[in-house]
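For reference, the structure is listed below as structure tokens.
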Number of protein chains: 2
Amino acid sequence: MPLGKVLIIDEDKNSCNTLKNALEKDGYSVILSHDGDEALIKFNALKPDIILLDVVIPKTDGWQICREVRKKSNIPLIIITSKSETFDKVLGLELGADDYILKPFDIKEVMARIKAVNRRVNQSNIIETREVTYDNLVVNMSRYELRVSGKIKDAPPKELELLFYLASNPNRVYTRDQLLDEVWGFEYYGDSRTVDVHIKRLREKLDGVSEQWSIKTVWGVGYKFEFNEKFGDT
Amino acid sequence: MPLGKVLIIDEDKNSCNTLKNALEKDGYSVILSHDGDEALIKFNALKPDIILLDVVIPKTDGWQICREVRKKSNIPLIIITSKSETFDKVLGLELGADDYILKPFDIKEVMARIKAVNRRVNQSNIIETREVTYDNLVVNMSRYELRVSGKIKDAPPKELELLFYLASNPNRVYTRDQLLDEVWGFEYYGDSRTVDVHIKRLREKLDGVSEQWSIKTVWGVGYKFEFNEKFGDT
DNA sequence: TACAATATTAACGAATTATGTACAAGTTTT
DNA sequence: AAAACTTGTACATAATTCGTTAATATTGTA
């Protein structure tokens, strides 16, 4: 498999075939799925490299597929559908789709867009291991587990997600709005003081645990997970 | 301004304004360009973080802009144009555009697509760290961190932004009004003595640190960040 | 030199921003 | 159905920044 596996999720067999032919001609291998439930099973079992998704499908709907996929993975996901409302486009993109193509599509355009998304993704260092480690801190999002000095510390989901997000890009500052967007999700409309409170609760749990890292406030800007690689490797 | 600069290249002032307003509302700062030659100059000089490009523009055409940009940089580039042929779309994407949006556009969709592209780019290791370095001085705006001879020095946001702005164009003089415009934002209306005070506070922190650089007063004009590449590399 | 224009500095208070506590609504567990 | 927990909001308090003012110093020029 030189170019990778594409999972096509679409009820319409015509679309499926057009896409399948073009993709296989280009060297991809193709998996077809005609309803949402089947799609999720195949996604989990076969770990495709790209997903092409129509949101209008039987059983589990496309939006839900989107969410489920993005919970677990960052692979390229392109929505191809006849739902043409701006609202739907925005929803799809916000849920984590990389592109949103309208039916009827021109296969050449679709192939070009797949290529464009792939180009970006190949520049990424996607951490599929949903885990970060610093010194005595381990945040594992597959298990939703926080470990401090080897011991498991209970922490609610939101706090873990927030910590994980901050720790994924150590030392980089995020504004409260960015955090609300990325951790809470765009659908969330609320007070940005909310972030403060969660930060505070995290700090309670992580207080005085390590000299090497901490959650820092950047006054007037936001928060960051600060990590100092003190002592070089010896 | 944590979000970054957008360069809009488009002859049509209506489009420009719609985009500009929406982007600024979201916290981006916007640079406009109405022809290709000007666009390239601004691209090189101002190092934007995102480019929105109409390919139908006077002088150097959009495709060429695309090529020139991609020779030097991997920043997000989105084509927004009324050229609706599949051929053009494919060409644009092949030249390295991340997305291709048709006019007339819905601003909500455009914003969602910008976000989607940004999401991908932020996962890549080519995250542009907004940083300048001179001798023993490091100003890092991604971390909001000022480092002098390796040591972190605390400094409030405004001071950092001012220093970063000055240091981004070493040896170039800025009037107080220009600085108020660029650092404080155009909507700011206040005394230009304000700049003096911030300069003073910066100088306190950076006093006698290096022979190679300093913040100089240009009498009757304004301020500049002066940098002398004395000694060649040793 | 003297004078005017411009720049530096210190100090103060208003405004902005962050934190901590408490509570209520919503969930999940028992 | 009650209990325990999570989550978001409100508000009081604390901390810091920022802009202004005004007094002092410096520079350029007549």
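Naming convention: chains lettered A, B, ... in sequence-line order (proteins, then strands); numbering from 1 in each chain.
Checked options B/K205, B/R203, B/K153; the residue passing with B/E159 is B/K205 (criterion: salt bridge (Lys or Arg N to Asp or Glu O under 4.0 Å)).
As rounded to whole Å, 12 Å separates atom P of D/dT7 from atom CG of A/D154. In this structure, the CD atom of B/E204 is 13 Å from the P atom of C/dT8, given to the nearest Å.
The side chain of B/Y223 places an N or O atom within less than 4.0 Å of a non-bridging phosphate oxygen (OP1 or OP2) of C/dT8. Taking side-chain N and O atoms only, A/T194 has no distance below 4.0 Å to OP1 or OP2 of D/dT7. Between A/H198 and the phosphate of D/dT7, there is no side-chain N or O to OP1/OP2 separation shorter than 4.0 Å.
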Distances for protein N/O vs nucleotides 12-17 of chain C N/O pairs under 3.5 angstrom?
| from | atom 1 | to | atom 2 | distance (Å) |
| --- | --- | --- | --- | --- |
| C/dT17 | O3' | A/G220 | N | 3.4 |

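Here A/D98 does not pair with A/R113 in a salt bridge; the nearest charged N to carboxylate O distance is not below 4.0 Å. Using a cutoff of 4.0 Å between basic side-chain nitrogens and carboxylate oxygens, A/D181 and B/K115 are scored as salt-bridged. Here B/K5 does not pair with B/D49 in a salt bridge; the nearest charged N to carboxylate O distance is not below 4.0 Å.
Among C/dA18, C/dA10, D/dT9, the nucleotide with an atom closest to any side-chain atom of A/D196 is C/dA18.
In terms of modelled atom types and a separation under 3.5 Å, the side chain of A/N44 and the main chain of A/L40 share a donor-acceptor contact.
In this structure, B/T217 reaches the sugar-phosphate backbone alone: every heavy-atom distance under 4.0 Å involves primed, P, OP1 or OP2 atoms, never a base.
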